[in-house]
**Student:** 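Have a look at the structure that comes next, please.
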Amino acid sequence: MEASFSSSSLMLVTQAVTILEKCKTISELRQIHAQMIKTNLVSNTFAASKLVSFCCLTGDLDHALSVFHRIQNPNPFIYFTLINCFTESSNPLESVYLYAHMLTCLEDWKGIEFSLPSVLKACGRLEAFEEGQQVHGQICKTRLLFDPFVANSVVRMYLEFGQVGFARRAFDKMPERDVISWNSLITGYLRAGEIELARELFDEMPERDLVSYNAMIDGYGKFGKCELAEEIFGMADHKDVKTWTSMISAYVRNHYPKKALDMFGEMLCLGVRPDAPALVSVLSAIADLGFVEEGKWIHAYISTKKLEMKTGFIGSALIDMYAKCGHIENAYHVFRSISHNRNVGDWNSMISGLAIHGLGTEALELFHDMEGLKIEPDEITFLGLLGACSHGGLVDEGRYCFKIMQEKYNIVPKVQHYGCIIDLLSRAGYLEDALGVLRNMPFEPDVLAWKAILSASMKHENVVIGENAALQAIELAPEDSSCYVLLSNIYAKTGRWDDVAKVRSRMKQRRVGKIPGCSSILVRGKVHVFVVGKAIDEKFTREVLSKLDDVVSRLKLEGYQPDLTQVLLDVEVEGKESLLSVHSEKMALAFGLTNTSHGAPIHIVKNLRVCRDCHSFMKLVSRVYNRRIVIRDQNRFHHFENGFCSCKDYW
DNA sequence: ATAGGGTTAG
């Protein structure tokens, strides 16, 4: 039949291919296919190959395969097209079959090397280690190993299996190594946490390109080695937006948000255009700092550059930034503006945002909408929801979320989810129930679980449970100062000053330092930072202390009595009082009162939890001075207005 | 056809 094709059928082939190229839908494709069968064009290798590629493009893989099996002399390229497609499909096994088929059917193996990276990738996706080794074996027996793409793909496959040792051996046996071989292995080591080995390779490699530096910076950042990341960053002569983003996110991850923000500024000065990942990481730094002005600038930048909010993380990063800067309405505004293209991350950011503002009911409503739209929640959604219930004191709702997460959505709770539910129950006063969950969960209780019980015991004045929880927490995290502080709080509260002293000396012995409380406030575009009794910029200290004196006297007229129960030291009442009155958030507030216009809201960010005395102090100030005060503490927001706090004194 | 950066989380 094929032999009888003449110049006129060649025209038919050309025609068919032209039509195929214009074809848009699967049904059109099927019509063309039918036509090709009628005219026997399917037996023409070229036309049929074209048909196969178009089927692949449209994702109709079954169809592609059935056409393929009728091709009389398939060439390596058509195998390559199919293998490539199947590797990325839900059925990567087919590409291994096709590979075997190819080896037996093709007489001339020229061109098969193009398929090998895909076949190796398919083995990786199938977690078929032995098959992968077999393919590797075949490669070693041929000249294929001299193809850099093939040899590098072998390394890549072993890394995907998590077999760094095998990858290293394949790397060592490569006849030639190019920069990609080195980079692959370096990233492999970094992902496996072998950062020293990665560095050795990095130092050893004959030539480096940009990717080598970027990979090292990112790898160091992910393992908490900011200084080393900085070293590599300094070594890189050329930097692109990924180099900068790697360094910025290293800072973000290791809680140096200010450095991250400065680095972003430097990048802009050098004329490097930020793309979506760069903006997302700087937004996360800004969220940490609570610098809403900077955040608004980024938001405007995104709008003018028309960067897509529907794909990727831009939407959720913006929502998170506004929520963490205390502007929950702006967060909601962004959330609404992307109503047509929301992904689960956008919902999660909004739910968690509502949670930290104590808006539990609103978070639950949002979840309800989400369910209505059939958007599949994930484990982070439930962390947000449980947190929302916890902050809002919604015990039954929290229990319900914990239940449906498992029963309706088949999500196996992680230790964090148990932590949330323990926090929820204990905070609401169900200390015994919380202990029950802690004892029965399929994990060893971690520090945070015990700390949840501990702080709830403080709140509900249960010394016995509290003391035990504190001891457990200290056992698990002897370096964490907050556990000692809470334990000594318990003793202080019951007047057990000897025990307070013991805790303090144990802290000294173990060289555990108490993290100093620290509050910051943004005034006229500049951030001012305060610690107990002083301003970091010392020239403000006197002014602030004297203002604070005035405020305290005025509040006392309104019935303010300092709550001394939370001061740890065994000192005279007067000493306690003076210590309490200069807590960092009070300092920041006093500064805010004098330096912002009357009636303007005051935003403060604090690194620790706000203490009970500061809390009642802020409530009174909000009424007496008629100011809205927004404080973000370690865990959540407090909105003070007209004598009340949004947390309803439940925090 | 093989190598590099991003969100939400007790």
Side-chain angles (χ1 to χ4, degrees), chain A residues 80-81 83-84 87 113-121 147-157 159 178-188 190 208-219 221-222 236 239-250 252-253 274-284 287 311-321 323-324 331 343-353 355-356 378-387 390-391 413-424 427 446-452 455 635:
Chain A
F80 164 67
T81 310
I83 287 176
N84 234 355
T87 297
E113 67 274 15
F114 281 86
S115 297
L116 276 146
S118 278
V119 174
L120 292 162
K121 199 182 196 179
D147 184 305
F149 283 93
V150 175
N152 287 336
S153 298
V154 171
V155 173
R156 192 202 110 104
M157 177 189 71
L159 292 174
D178 59 15
V179 69
I180 294 179
S181 327
W182 289 88
N183 287 343
S184 303
L185 199 58
I186 286 176
T187 343
L190 290 171
R208 305 186 190 115
D209 67 358
L210 199 49
V211 176
S212 322
Y213 293 91
N214 293 355
M216 284 303 295
I217 294 167
D218 181 59
K222 285 184 175 143
K239 299 178 175 70
D240 65 1
V241 67
K242 289 181 182 169
T243 322
W244 290 93
T245 309
S246 301
M247 198 59 232
I248 291 170
S249 68
V252 172
R253 226 184 286 274
D275 58 3
L279 293 164
V280 166
S281 45
V282 78
L283 277 171
S284 145
T311 50
F313 308 132
I314 292 228
S316 70
L318 273 174
I319 294 167
D320 174 62
M321 180 277 294
K324 285 190 184 152
N343 57 40
V344 67
D346 301 327
W347 290 87
N348 290 352
S349 289
M350 194 64 228
I351 289 176
S352 306
I356 55 172
D378 61 15
E379 50 179 70
I380 295 169
T381 316
F382 285 101
L383 283 178
L385 282 172
L386 292 169
S390 197
H391 289 306
K414 296 201 163 157
V415 70
Q416 288 94 328
H417 295 98
Y418 283 100
C420 282
I421 198 88
I422 290 167
D423 183 56
L424 172 86
R427 204 190 275 266
D446 61 2
V447 207
L448 289 164
W450 284 116
K451 274 169 86 171
S455 61
N635 300 316

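Every value quoted in this text rests on a predicted model; they were computed, and no experiment measured them. Lettering follows sequence order; numbering is per chain, from 1.
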**Student:** I need the CD1-P distance between A:I380 and B:dG10, as an integer number of Å.
**Tutor:**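 In whole Å, B:dG10 P and A:I380 CD1 are 10 Å from each other.
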**Student:** Rounded to whole Å, please give me the gap between CG in A:L279 and P in B:dG6.
**Tutor:**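 Rounded to whole Å, this separation is 14 Å.
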**Student:** Does A:G345 reach a base, just sugar-phosphate, or nothing at all? Heavy atoms under 4.0 Å.
**Tutor:**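 Base contact.
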**Student:** From the set B:dA3, B:dT8, B:dA1, return the single nucleotide nearest to any side-chain atom of A:N84.
**Tutor:**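 Among the listed nucleotides, the one closest to the side chain of A:N84 is B:dA1.
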**Student:** Counting heavy atoms from C-beta on, name the nucleotide in B:dG6, B:dA3, B:dG10 closest to the side chain of A:C420.
**Tutor:**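 Selected nucleotide: B:dG10.
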**Student:** Just how far, in rounded Å, is P of B:dG10 from NZ of A:K451?
**Tutor:**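 Interatomic distance, NZ of A:K451 to P of B:dG10: 13 Å.
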**Student:** For B:dT7, does OP1 or OP2 lie under 4.0 Å from any side-chain N or O of A:K324?
**Tutor:**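 Negative; the distance criterion is not met.
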**Student:** Contact class for A:V241 vs. all strands (heavy atom < 4.0 Å): base, sugar-phosphate, or nothing?
**Tutor:**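 Base contact - A:V241 has a heavy atom under 4.0 Å of at least one base atom.
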**Student:** Hey, does the side-chain of A:S316 have a donor or acceptor N/O within less than 3.5 Å of a partner on the base of B:dT7?
**Tutor:**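 Indeed, a donor on one side and an acceptor on the other fall under 3.5 Å apart.
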**Student:** With sequence neighbours excluded, tell me which residues meet side chain to side chain contact (heavy atoms under 4.5 Å, CB included) with A:D209.
**Tutor:**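 Partners of A:D209 by the side chain to side chain contact (heavy atoms under 4.5 Å, CB included) criterion, ordered by chain and then number, come out as A:V179, A:N183, A:V211, A:S212.
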**Student:** With heavy atoms under 4.0 Å as the rule, sort A:D178 into base, sugar-phosphate or nothing.
**Tutor:**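 Nothing: the residue A:D178, judged by heavy atoms under 4.0 Å, touches no strand.
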**Student:** Just call it for A:V155: base, sugar-phosphate, or nothing, with non-hydrogen atoms closer than 4.0 Å on any strand.
**Tutor:**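 Since no nucleic acid heavy atom lies under 4.0 Å of A:V155, the category is nothing.
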**Student:** Do the non-hydrogen side-chain atoms of A:T381 and A:I351 ever get within less than 4.5 Å of each other?
**Tutor:**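 They are in contact (side-chain heavy atoms under 4.5 Å apart), so the answer is yes.
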**Student:** A:H417 side chain to A:E379 main-chain N or O, any donor-acceptor pair under 3.5 Å?
**Tutor:**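 It does hold such a pair.
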**Student:** Under 4.0 Å between any heavy atoms, over every strand shown, what does A:A151 touch: base, sugar-phosphate, or nothing? Just pick one.
**Tutor:**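 Here A:A151 touches no strand at all.
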**Student:** Using side chain to side chain contact (heavy atoms under 4.5 Å, CB included) as the criterion, list what pairs up with A:A355, not counting sequence neighbours.
**Tutor:**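 Once residues adjacent in sequence are excluded, the partners of A:A355 under the side chain to side chain contact (heavy atoms under 4.5 Å, CB included) criterion are A:A388.
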**Student:** Have a look at A:S246 and say if it touches a base, only the backbone sugar-phosphate, or nothing, with a 4.0 Å heavy-atom cut-off.
**Tutor:**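 Sugar-phosphate contact only - A:S246 comes under 4.0 Å of backbone atoms but never of a base.
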**Student:** Taking only N and O in the side chain of A:K121, is any of them less than 4.0 Å away from OP1 or OP2 of B:dA1?
**Tutor:**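 Result: no.
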**Student:** Would you say the side-chain atoms of A:D346 pair up with the backbone N or O of A:N343, donor to acceptor, closer than 3.5 Å?
**Tutor:**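 Answer holds: yes.
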**Student:** What does A:R253 touch in the nucleic acid at a heavy-atom separation under 4.0 angstrom: a base, only the sugar-phosphate, or nothing?
**Tutor:**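 Sugar-phosphate contact only - A:R253 comes under 4.0 Å of backbone atoms but never of a base.
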**Student:** side-chain hydrogen bond (donor to acceptor under 3.5 Å, both in side chains) for A:S118 and A:N84? Distances and angles first, verdict last.
**Tutor:** CA-CA 6 Å; A:S118 278; A:N84 234 355; 2.5 Å; yes
**Student:** May I have the distance from A:F313 (atom CZ) to B:dA9 (atom P), rounded to whole angstrom?
**Tutor:**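 Going from CZ in A:F313 over to P in B:dA9 covers 14 Å.
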**Student:** Which is true for A:N635 with a 4.0 Å heavy-atom rule: it touches a base, it touches only sugar-phosphate, or it touches nothing?
**Tutor:**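 Contact class for A:N635: none.
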**Student:** Nearest to the side chain of A:T245, heavy atoms from C-beta on, is which of B:dA3, B:dG5, B:dA1?
**Tutor:**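 Among the listed nucleotides, the one closest to the side chain of A:T245 is B:dG5.
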**Student:** If you check the A:D209 side chain, which of B:dA1, B:dA3, B:dG10 turns out closest?
**Tutor:**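 Looking only at heavy atoms from C-beta outward on A:D209, the closest nucleotide is B:dA3.
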**Student:** Can you tell me the distance, in whole Å, between the CG atom of A:L159 and the P atom of B:dT2?
**Tutor:**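 Whole-Å distance recorded here is 14 Å.
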**Student:** A:K239 side chain N/O closer than 4.0 Å to the phosphate oxygens (OP1, OP2) of B:dG5?
**Tutor:**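 Checking B:dG5 against A:K239, no side-chain N or O comes under 4.0 Å of OP1 or OP2.
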**Student:** Nearest to the side chain of A:V179 - B:dG5, B:dA3, B:dT2?
**Tutor:**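 The listed nucleotide nearest to A:V179's side chain is B:dA3.
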**Student:** Look at the side chain of A:S316 and the backbone N and O of A:F313, then say whether any donor-acceptor pair between them is shorter than 3.5 Å.
**Tutor:**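 Side chain of A:S316 to backbone of A:F313: a pair is present.
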**Student:** Picking from B:dA1, B:dA9, B:dA3, which would you name as closest to the side chain of A:P117?
**Tutor:**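 Nearest nucleotide to the side chain: B:dA1.
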**Student:** Without decimals, in angstroms, what is the distance between A:I319 CD1 and B:dG6 P?
**Tutor:**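 My rounded result for the distance is 20 Å.
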**Student:** From NZ of A:K414 over to P of B:dT8, roughly how many Å is that when rounded to an integer?
**Tutor:**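 Value for this atom pair: 16 Å.
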**Student:** Between B:dA3, B:dA1, B:dG6, which nucleotide gets closest to the side-chain atoms of A:S184?
**Tutor:**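 In terms of side-chain proximity for A:S184, the closest of B:dA3, B:dA1, B:dG6 is B:dA3.
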**Student:** Tell me which nucleotide among B:dG10, B:dT7, B:dA3 gets nearest to the side chain of A:Q416.
**Tutor:**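 So the side chain of A:Q416 is nearest to B:dG10.
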**Student:** Base, sugar-phosphate, or nothing: which does A:L210 touch, judged by heavy atoms less than 4.0 Å apart?
**Tutor:**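 Base, at least one base atom sits under 4.0 Å.
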**Student:** Just checking A:A449: base, sugar-phosphate only, or nothing, at a heavy-atom cut-off of under 4.0 Å?
**Tutor:**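 Here A:A449 touches the bases of the nucleic acid.
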**Student:** Contact class for A:D446 vs. all strands (heavy atom < 4.0 Å): base, sugar-phosphate, or nothing?
**Tutor:**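 If one applies the 4.0 Å heavy-atom cut-off, A:D446 turns out to touch a base.
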**Student:** Report yes or no: is there a donor-acceptor pair, N or O only, under 3.5 Å between the side chain of A:D240 and the base of B:dG5?
**Tutor:**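 Side chain to base: no pair below 3.5 Å.
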**Student:** Provide, to the nearest angstrom, the distance between the CD1 atom belonging to A:I314 and the C1' atom belonging to B:dT8.
**Tutor:**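 It works out to 15 Å between those atoms.
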